[in-house]
Amino acid sequence: SQDRLKVIQTAGLVSGVPSSLREGMARLIYASLARSTWKKYGSAWAALDDYQAYANRVLQWPLTMDTLRGYAVYLLTVRGLKMSSARAYLSSLSCLHGLKGFPNHKMDDDLVRVIMRGAENLQMSAPPTKENRRRVMTVPLLRHMGHRLASSGWEKEAIQTIWAASLAA
């Protein structure tokens with residue numbers, strides 16, 4: 001109960017109601033989503049506080065595109081999150097924007113998408129770690145592999161053989 005109230009209060013969602021109603025409001029808000037979702041949102045919001053301290057800035061709501069861009073780069077480079085986790089954190093901020101009364105705020109941005117695509121490309125081309133030596137064959141990985149094969153200078157038959165073997169694997 002106190003954890004639930006803390007997450008909701010940290011997000012600043014109950015500050016505008018009388019103190020006698022805050023616990024009830026927090027309980028209703030918290031019940032709207034799964035516990036695991038609130039836990040993820042709480043992590044994203046805590047990371048936003050960390051970014052604020054890291055950037056030595058006081059963030060204003062609604063968040064600016066510069067803030068979102070900086071936050072994305074912070075998550076990917078300083079915190080070392082994978083692109084999918086950073087994308088989930090940005091999605092959490094989008095939810096928080098709506099809950100704070102900024103539903104029309106455009107949370108997606110061309111530059112943020114480019115940053116995320118760059119992170120995805122770097123993660124795909126990085127050597128596999130000890131715990132992840134086998135990769136799942138995904139469309140982005142196939143696209144990356146196709147580009148590498150096309151620019152390899154190998155004979156057409158060799159490229160076709162490797163491509164066919166990759167699709168069959």
Side-chain angles (χ1 to χ4, degrees), residues 2-17 22 25-26 28-133 135-148 151:
Q2 288 300 77
D3 290 339
R4 162 177 49 225
L5 183 59
K6 183 180 176 188
V7 169
I8 303 300
Q9 284 178 331
T10 300
L13 301 178
V14 295
S15 57
V17 298
R22 289 182 185 165
M25 183 175 178
L28 292 169
I29 293 170
Y30 199 82
S32 69
L33 298 169
R35 177 181 290 142
S36 60
T37 302
W38 281 114
K39 189 174 178 180
K40 289 176 189 174
Y41 284 3
S43 297
W45 300 341
L48 183 64
D49 287 340
D50 294 344
Y51 168 67
Q52 182 173 250
Y54 179 85
N56 198 22
R57 297 170 54 190
V58 176
L59 303 179
Q60 301 293 319
W61 291 89
L63 298 175
T64 65
M65 284 301 128
D66 286 339
T67 297
L68 291 175
R69 293 167 183 160
Y71 181 62
V73 172
Y74 169 80
L75 293 172
L76 294 163
T77 60
V78 176
R79 300 273 307 250
L81 295 183
K82 292 188 177 190
M83 185 273 306
S84 58
S85 297
R87 184 168 280 150
Y89 277 40
L90 288 170
S91 176
S92 297
L93 287 189
S94 180
C95 175
L96 183 56
H97 258 262
L99 293 174
K100 283 181 165 283
F102 306 114
N104 296 324
H105 184 74
K106 184 180 177 197
M107 293 294 291
D108 63 336
D109 175 62
D110 288 339
L111 188 52
V112 170
R113 278 192 293 279
V114 168
I115 290 167
M116 294 306 213
R117 190 177 319 119
E120 182 179 34
N121 290 344
L122 288 174
Q123 288 171 4
M124 283 190 305
S125 63
T129 60
K130 283 185 178 179
E131 63 273 355
N132 185 18
R133 292 198 186 274
R135 293 190 178 165
V136 175
M137 190 56 72
T138 63
V139 172
L141 186 56
L142 283 170
R143 187 179 313 121
H144 178 72
M145 198 171 87
H147 290 299
R148 295 289 297 264
S151 64

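Keep in mind the model is a prediction, meaning the values are calculated, not measured.
- In this structure, the side chain of S43 engages the main chain of K39 through a donor-acceptor pair within 3.5 Å.
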Side chain to side chain contact (heavy atoms under 4.5 Å, CB included) evaluation trace for R148 with H144: CA-CA 6 Å; R148 295 289 297 264; H144 178 72; 3.9 Å; yes

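- For the pair M116 and M83, the tightest heavy-atom approach, listed with the atom from each and the gap, is O-CG, 3.3 Å.
- With values rounded to the nearest 0.5 angstrom, R87 atom CZ is found 14.5 Å from K82 atom NZ.
- Atom CG of L75 sits about 11.0 Å away from atom CD1 of I115, to the nearest 0.5 Å.
- Under the side-chain hydrogen bond (donor to acceptor under 3.5 Å, both in side chains) criterion, N121 pairs with no residue, sequence neighbours left out.
- Within the 4.5 Å cutoff, no side-chain heavy atoms of M65 are placed close to those of L111.
- If you take CG on L33 and NZ on K40, they are separated by 11.5 Å, rounding to the nearest 0.5 Å.
- With rounding to the nearest 0.5 angstrom, the OH atom of Y41 is 5.5 Å from the OG atom of S91.
- Across all non-hydrogen atoms, the minimal contact from T77 to V73 is OG1-O, 2.6 Å.
- Between L59 and Y71 there is no side-chain heavy-atom pair separated by less than 4.5 Å.
- Partner of Q52 under the side chain to side chain contact (heavy atoms under 4.5 Å, CB included) criterion, chosen from D50, L48, D49, N56: D49.
- Counting heavy atoms from C-beta outward, Y51 and T67 have side chains that approach closer than 4.5 Å.
- Across every non-hydrogen atom of W38 and I29, the tightest pair is CZ2-O, 3.3 Å.
- Contact between A44 and Y89 at its shortest, heavy atoms only, is CA-CD2, 3.6 Å.
- Atoms NE2 and CZ, from H147 and R143 in turn, are 6.5 Å apart once rounded to the nearest 0.5 Å.
- When atom types are taken as modelled, the side chain of S32 and the backbone of L28 share no donor-acceptor pair closer than 3.5 angstrom.
- Scored by the side-chain hydrogen bond (donor to acceptor under 3.5 Å, both in side chains) test, R69 finds D66, D109 as partners (sequence neighbours excluded).
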